[in-house]
S.K.: 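Would you mind keeping the following structure in view while I ask a few things?
Just so it is clear: chains get the letters A, B, ... in the order the sequence lines come, proteins before strands, and each one is counted from 1. Since the structure is predicted, the reported quantities are computational estimates derived from the model, not experimental observations.
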Protein chains: 8
Amino acid sequence: MSNSYKRLNKDDAAVLLVDHQTGLLSLVRDIDPDRFKNNVLALADLAKYFELPTILTTSFEDGPNGPLVPELKETFADAPFIARPGQINAWDNDDFVNAVKATGKKQLIIAGVVTEVCVAFPTLSALAEGFDVFVVTDASGTFNELTRDSAWDRMSSAGAQLITWFGVACELHRDWRNDVEGLGQLFSNHIPDYRNLMNSYATLMAAK
Amino acid sequence: MSNSYKRLNKDDAAVLLVDHQTGLLSLVRDIDPDRFKNNVLALADLAKYFELPTILTTSFEDGPNGPLVPELKETFADAPFIARPGQINAWDNDDFVNAVKATGKKQLIIAGVVTEVCVAFPTLSALAEGFDVFVVTDASGTFNELTRDSAWDRMSSAGAQLITWFGVACELHRDWRNDVEGLGQLFSNHIPDYRNLMNSYATLMAAK
Amino acid sequence: MSNSYKRLNKDDAAVLLVDHQTGLLSLVRDIDPDRFKNNVLALADLAKYFELPTILTTSFEDGPNGPLVPELKETFADAPFIARPGQINAWDNDDFVNAVKATGKKQLIIAGVVTEVCVAFPTLSALAEGFDVFVVTDASGTFNELTRDSAWDRMSSAGAQLITWFGVACELHRDWRNDVEGLGQLFSNHIPDYRNLMNSYATLMAAK
Amino acid sequence: MSNSYKRLNKDDAAVLLVDHQTGLLSLVRDIDPDRFKNNVLALADLAKYFELPTILTTSFEDGPNGPLVPELKETFADAPFIARPGQINAWDNDDFVNAVKATGKKQLIIAGVVTEVCVAFPTLSALAEGFDVFVVTDASGTFNELTRDSAWDRMSSAGAQLITWFGVACELHRDWRNDVEGLGQLFSNHIPDYRNLMNSYATLMAAK
Amino acid sequence: MSNSYKRLNKDDAAVLLVDHQTGLLSLVRDIDPDRFKNNVLALADLAKYFELPTILTTSFEDGPNGPLVPELKETFADAPFIARPGQINAWDNDDFVNAVKATGKKQLIIAGVVTEVCVAFPTLSALAEGFDVFVVTDASGTFNELTRDSAWDRMSSAGAQLITWFGVACELHRDWRNDVEGLGQLFSNHIPDYRNLMNSYATLMAAK
Amino acid sequence: MSNSYKRLNKDDAAVLLVDHQTGLLSLVRDIDPDRFKNNVLALADLAKYFELPTILTTSFEDGPNGPLVPELKETFADAPFIARPGQINAWDNDDFVNAVKATGKKQLIIAGVVTEVCVAFPTLSALAEGFDVFVVTDASGTFNELTRDSAWDRMSSAGAQLITWFGVACELHRDWRNDVEGLGQLFSNHIPDYRNLMNSYATLMAAK
Amino acid sequence: MSNSYKRLNKDDAAVLLVDHQTGLLSLVRDIDPDRFKNNVLALADLAKYFELPTILTTSFEDGPNGPLVPELKETFADAPFIARPGQINAWDNDDFVNAVKATGKKQLIIAGVVTEVCVAFPTLSALAEGFDVFVVTDASGTFNELTRDSAWDRMSSAGAQLITWFGVACELHRDWRNDVEGLGQLFSNHIPDYRNLMNSYATLMAAK
Amino acid sequence: MSNSYKRLNKDDAAVLLVDHQTGLLSLVRDIDPDRFKNNVLALADLAKYFELPTILTTSFEDGPNGPLVPELKETFADAPFIARPGQINAWDNDDFVNAVKATGKKQLIIAGVVTEVCVAFPTLSALAEGFDVFVVTDASGTFNELTRDSAWDRMSSAGAQLITWFGVACELHRDWRNDVEGLGQLFSNHIPDYRNLMNSYATLMAAK
């Protein structure tokens, strides 16, 4: 077992959002839709917050798969957006790979729909080219838990690291003192329990 | 068995929101926090949308229970808000009961935290006084599923009707033609799957 | 408790299929999609097999809700099909109620999407008018189990009988001798375990 | 609500075992097969132990449904055994009903496969004729939990009492002093946790 | 449906603890042992706190069932304690019934192991004699969830009210002002989430 | 960890279907029967669609295990079909291994019943001989989830890749443009949610 | 990853049964007691059937842990039985290790209670000494699923193979022709679904 | 795979308790609060019992995260307690690392809230520096099971050993004879089922 800690570094990380399309989202059943929506938007917000280069890609937007989720399009209005003409594995699309390489980053944070295809295929391709790949498990979705477990096993066995959006945010931020307000806001917006803690606290402090 | 359909009527219904406080929410574990937050806000939005008289109440706001969830306070800035000095059953508080009766409505739509106490007690009291009570099950939360099932059984046996925020909205609206845009927006804001359907549809129609 | 057995009778029963539309089906998450698809088609096949009058209705077919599932349209090409212009409760639509009453049947077998609205509302209305209502629980779907449980409680408390498509088929058929082949085929087509039993048996018998 | 306690009485109870056939058992998926087998045999053993008149019936033994489970046939070698020629509801078979009535008992303890048909139909028929019906829920099985919940609701609403084999045994026995050894043996044979308690105890006592 | 609210009243309630014995507890598998232990002790503590007359009973303490849980024996050192010589239904034991009646209370709060026997039988007997019975569902345990659901249905159908220890405490206390400290301590001792809220609050207040 | 991406290639892959027999299927309880049937037929259809050499094998067809599922026999009427006379591990049967080697493929896609035996044993044997093995997890079934998890761990630890039929199809197809119609039809036939997307889309496009 | 298939061989395997004691069994809650009892006895029966050397060991039999399950004591009346005076890890007991080594086998099949201690500790010790260890996951039990998953991960990471009793039996037997009757009987005794298949088959064949 | 058994040794182990704060605990939803509280206190008690050097650390005690759980503060009144001013990964705090290194131990037993951040980050850092890390899975908590599974996979893949508090206690103690009373008391205090066994045993022995 390798004992070097492959640690996310905000200066060396890029985010890949693969096929979060309005039609494909109806296939996601391994995670509650309210929670999934929140996780995907949280990942988007943290990418924005840490100013990570972000690349969007979709598959067959004009057909039944539907358009990219509008919130993502708005959040990343200026990001590279590769509407793939047919490649299932985004890594088979030269524009996508070129966009990834143009970031100059070696750590790839990836999420998408569905996990065992749109996430797993580029993950395995990127690992084979020497990238460090961090799969955001809770911002990726698929048909059911059996499918998810298979996909996780395949990616983990190939060397991918499984992580959640909250883990990504914390590992990138390193120290609350870098910006207490900003990180706190991110968590308050996407973790109801944390928001409650903050509201309770703020009310009590205001009452002093 | 009674065969008369006790049907929600927007001209005869009021909404009671009981003890959705930032501290008490940490007790809710029978429903995922992302989903629960969404359901409570959906119920608030529909109360606003249908202009139903709404009454807020809290228990011991200054102590560990914490303040009312700020979003509710903002949505219902002008609503009667009874901070109970100690009564556990809101119906034991005269101000609360008077506020309810002042609405002149006979159908009470109730939700709160925790289900077996803050919801069940006023539900049983109101039923005993002849009100029709509609318990919004998915905007009410408690410690675990065993607790919830017990509370539902007690309320249902006493004549309460179990319903969800979506059921309430549909039963009140009656006919989409009353306002397609408004109801559609409510659903789009609170049902991710429905939002996806609408986005797919809108994109396709725009492409024509 | 009433002790008279309200028993399905193929000469006195009609089937109501409410809002099984391609868009709305993406909302159904209380039952696995493979299983749900099978159950809906099984109910359709049994309605056809027993030659029960069947009424189809949809809500906003031209919008995001999508068209009626094509298989149902084909199976019931000549059945009354009421595309409701806006009424959420199908029973609020006169054409629908007239179609139901035109069958002359007093036993209504109902299924639809979503359970707490499209099924529950006409169920409660029909019960109030004195019909016997049989809710086909496994051919009806909704957002999650909490929602389903609420809807079942509301309908059962009002006097509806909860039943599955298999229960409906068996209660209508009464005696295998009425048509062993036909009923066996229905089960073989929609119950994989039963199909396996039949295939094992047939192979062994053929080997004699 | 009736407040009279309908209590099992060993002098007024009969047991009906409906369609526990080797083929049909492959349809049972709402309960683990090891547990289900144990429960069915426990019910058989208690019927024998309390010398309750017991009636067996099967449906289409010569076809894919398969023969009666051999252990039941052996335990009740002399019991009335009605191989129904086609009736799905055993109560539609005169031989079966006559056998039930010949016992002269008013309390019917019933179990079978599958719950919503082979158990529910005769339960509803017997209730309509004034019998007290006790459905042994854990010795009855069906396709899945959704199906089971529907069937329980239908039977309970009609006045059936839901009970388990252990509840039946305890309610019939009334007092351990009637036969400590016999009841203890029944529990030791069918409740592993109880057997462990007894073995621990016996070992310690022997060591004194 | 009856619309009178059968509400717990500390001046008219007694607590019955049935067969919480060290051996029998190994049979309880419908609830996690840490949670169950906490719930039983919470019920004991609230009985003590509200000074409710409490009656203990056991079945065959000298055999494999094992002795009463020592904590209960200590908490209720002076309470009537009926070691039943053989009656399975505690209500069949005259000493037990006499002890109940000697309290002069009409509301019985009952919990025990196992739910479908030791709780259900005396519940049904007491209901038949006109008592109001409140079954503490989370301080009662049994073999599995299927068994529990059957038992709840039987008791609820007969008129018992299903409630939890927290619901009992709140319904008895009525108003926090009766004793904020005492009730708060009870909750802090038995609800980890509530204890956390109180500790967070106390720390912040102390820091002012 | 190896970082080379072992990627399915339709020119280097063969499919092995092991013991999908009508009797053995009654043992499968880690996956819903409707879903399992669909997954097995989907795997068969994709093997046919990609014209992958496919090998069928069974164990004791003439006994209780029952015949090969008829649909598989029909789909692969001309495929090598090895009815093993007794070997439990198909790889112990020379005819089977010869058939595999005769395909000249190095990538083996395997599924069967039951997972920990009929799938795991040949998987481990083939890996030991240097084949790349892709276990189709959702077209393989066994007694329960505990058993499945053990089997997955054993195969994954030995180097097998866990994948689903949908992952196999996508990895083989590479690019939608190779045949949009064909792949779309495969998905529409076996993924109800995808079928709904396609039907919604088609209806809207037709309406333009 | 090693690609050599570590395959069970009946000439090189021994069975270790660790601490299946009547008291400790009450701690097992990650598996239903009916199923667990069956699995343990199935493992014992297969050890006997394949005449594998078997070693029994217990911890503190005279105290609360209770005696070895009597059925195991009877099945292996002549097997080495090491009642450890205090060592928690059986491998720390010289008599136990000597008994293992005296068998001359290099493949150890191990099961016990509780998984993360009584199974994991000797497994890790034996692996460190070069044995091949096969952990029988379904004949080992512990407090809950979280505990089990941790233990499995630790053992699997150290090189143990996770397998079930059915997998062990099949891997040892290799070919049904070695003894169709014997293996069939083993399966019929411990797999209800298989017993049903055999009974259905036998009945049909007898009817020819 | 490494075959050396990395075994806990009480002379070479230290305990790290990370961020068990009253506010953060409200985020833990992958484990029941009663069970989680018990596990954390059990780990604390065993650290005390084995006199392991223990280090406490918190994050932002003065804000919404809340203070360290009081019970831990009391149990370890003299232990190093590092209130981190901002570092999310405790290993980024020099005081913390110095405190760890000052113990001179190479085996680190770690638990905390939340698992994927407060536990996983220092675990990965410590592994990278050559420590052996034992993650106490059941005394660590996080948002949900999906999150937990991701975190476990990441830590296990990096070489951490997953273990529970009970496994830690048993591996450290080695032999009951080192102190039967002490270990027994620890288990009795934190394992209700074990306490029951001991109480049953003690009662029987006293009765001799």
Side-chain angles (χ1 to χ4, degrees), chain B residues 1-2 6 19 21-29 59-60 62-66 84-93 114-133 142-161, chain E residues 1-8 30-32 35-36 39 134-141 145 148-149 152-153 155-157 159-180 183-184 187-188 191-202 204-205:
Chain B
M1 309 276 173
S2 160
K6 290 185 184 173
D19 300 355
Q21 295 167 253
T22 57
L24 292 177
L25 284 168
S26 79
L27 306 178
V28 175
R29 286 167 180 273
S59 163
F60 271 138
D62 300 332
N65 293 354
R84 307 193 307 281
Q87 300 93 345
I88 295 178
N89 181 346
W91 208 265
D92 284 342
N93 180 295
V114 298
T115 312
E116 76 275 29
V117 171
C118 307
V119 179
F121 292 0
T123 291
L124 296 169
S125 293
L127 287 167
E129 294 204 19
F131 288 87
D132 288 338
V133 184
T142 188
F143 298 105
N144 50 58
E145 299 197 1
L146 186 153
T147 298
R148 178 176 72 198
D149 290 348
S150 302
W152 285 19
D153 185 88
R154 195 180 187 205
M155 294 188 287
S156 173
S157 295
Q161 296 199 68
Chain E
M1 308 278 173
S2 161
N3 257 353
S4 82
Y5 178 5
K6 290 185 185 173
R7 188 176 185 174
L8 278 168
D30 67 325
I31 185 166
D32 175 77
R35 180 134 62 103
F36 188 58
N39 291 344
F134 297 78
V135 175
V136 188
T137 52
D138 57 353
S140 301
E145 299 197 1
R148 178 176 73 198
D149 291 348
W152 285 19
D153 184 88
M155 293 187 288
S156 173
S157 295
Q161 295 199 68
L162 307 185
I163 196 168
T164 59
W165 75 261
F166 183 73
V168 170
C170 290
E171 194 153 299
L172 289 168
H173 199 65
R174 297 284 169 96
D175 195 310
W176 275 92
R177 291 167 297 184
N178 290 329
D179 176 13
V180 173
L183 194 67
F187 292 171
S188 178
I191 307 175
D193 285 331
Y194 210 85
R195 185 186 201 87
N196 290 331
L197 286 177
M198 293 178 74
N199 280 327
S200 290
Y201 176 76
L204 269 177
M205 295 309 284

S.K.: Answer whether the closest heavy-atom distance between the side chains of E:Leu197 and B:Ser26 falls below 4.5 Å.
M.R.: yes
S.K.: One pair to check against side chain to side chain contact (heavy atoms under 4.5 Å, CB included): B:Leu27 and E:Phe187. What are the steps and the verdict?
M.R.: CA-CA 12 Å; B:Leu27 306 178; E:Phe187 292 171; over 6 Å; no
S.K.: Are the side chains of E:Asp175 and B:Asp92 in contact, using a 4.5 Å heavy-atom criterion?
M.R.: no
S.K.: Under 3.5 Å, is there a donor on one side chain and an acceptor on the other for E:Tyr201 and B:Asn65?
M.R.: no
S.K.: Mind listing the closest non-hydrogen atom pair of E:Arg177 and B:Pro85 along with its distance?
M.R.: NH1-CG, 3.3 Å
S.K.: Under a 4.5 Å heavy-atom cut-off, does chain E meet the side chain of B:Arg84, its backbone, both or neither?
M.R.: neither
S.K.: Specify which of E:Cys170, E:Ala160, E:Gly167 makes the most heavy-atom pairs with chain B at under 4.5 Å.
M.R.: E:Cys170
S.K.: Hey, what do you get for CD1 (E:Ile163) to CD (B:Glu116), rounding to the nearest 0.5 Å?
M.R.: 8.5 Å
S.K.: Please determine which of E:Arg7, E:Glu171, E:Arg174 meets the side chain to side chain contact (heavy atoms under 4.5 Å, CB included) test together with B:Asn89.
M.R.: E:Arg7
S.K.: Is it the side chain or the backbone of B:Ser59 that comes within 4.5 Å of chain E heavy atoms, both, or neither?
M.R.: side chain
S.K.: In terms of heavy-atom proximity below 4.5 Å to chain B, should E:Val135 be classed as side chain, backbone, both, or neither?
M.R.: neither
S.K.: Who among B:Val114, B:Asn144, B:Leu24 has the most heavy-atom pairs with chain E under 4.5 Å?
M.R.: B:Asn144
S.K.: For E:Asp193 and B:Leu25, run side chain to side chain contact (heavy atoms under 4.5 Å, CB included): C-alpha distance rounded to whole Å, both residues' side-chain angles, the deciding distance at 0.1 Å, then the answer.
M.R.: CA-CA 10 Å; E:Asp193 285 331; B:Leu25 284 168; over 6 Å; no
S.K.: Counting neighbours of CG on B:Asp62 that are heavy atoms of other residues, nucleotides or ligands and sit closer than 6.0 Å, is the number greater than 12?
M.R.: no
S.K.: Show your working on side chain to side chain contact (heavy atoms under 4.5 Å, CB included) between E:Lys6 and B:Leu124 and close with a plain yes or no.
M.R.: CA-CA 9 Å; E:Lys6 290 185 185 173; B:Leu124 296 169; over 6 Å; no
S.K.: Got a second to check how far B:Asp153's CG is from E:Leu162's CG, nearest 0.5 Å?
M.R.: 4.0 Å
S.K.: Less than 4.5 Å apart, any side-chain heavy atom of B:Ser157 and any of E:Ser156?
M.R.: yes
S.K.: For E:Thr137, is it the side chain, the backbone, both or neither that has a heavy atom under 4.5 Å from a heavy atom of chain B?
M.R.: both
S.K.: Decide yes or no for E:Trp152 and B:Asp149: does some side-chain heavy atom of the first lie under 4.5 Å from some side-chain heavy atom of the second?
M.R.: yes
S.K.: Could you please spell out the steps behind the side chain to side chain contact (heavy atoms under 4.5 Å, CB included) verdict for E:Trp176 and B:Ile88?
M.R.: CA-CA 7 Å; E:Trp176 275 92; B:Ile88 295 178; 3.6 Å; yes
S.K.: Between E:Thr164 and B:Phe143, is any pair of side-chain heavy atoms under 4.5 Å apart?
M.R.: no
S.K.: In terms of ring plane angle, is the pair E:Tyr5 and B:Phe121 parallel, tilted or perpendicular, where the classes change at 30° and 60°?
M.R.: tilted
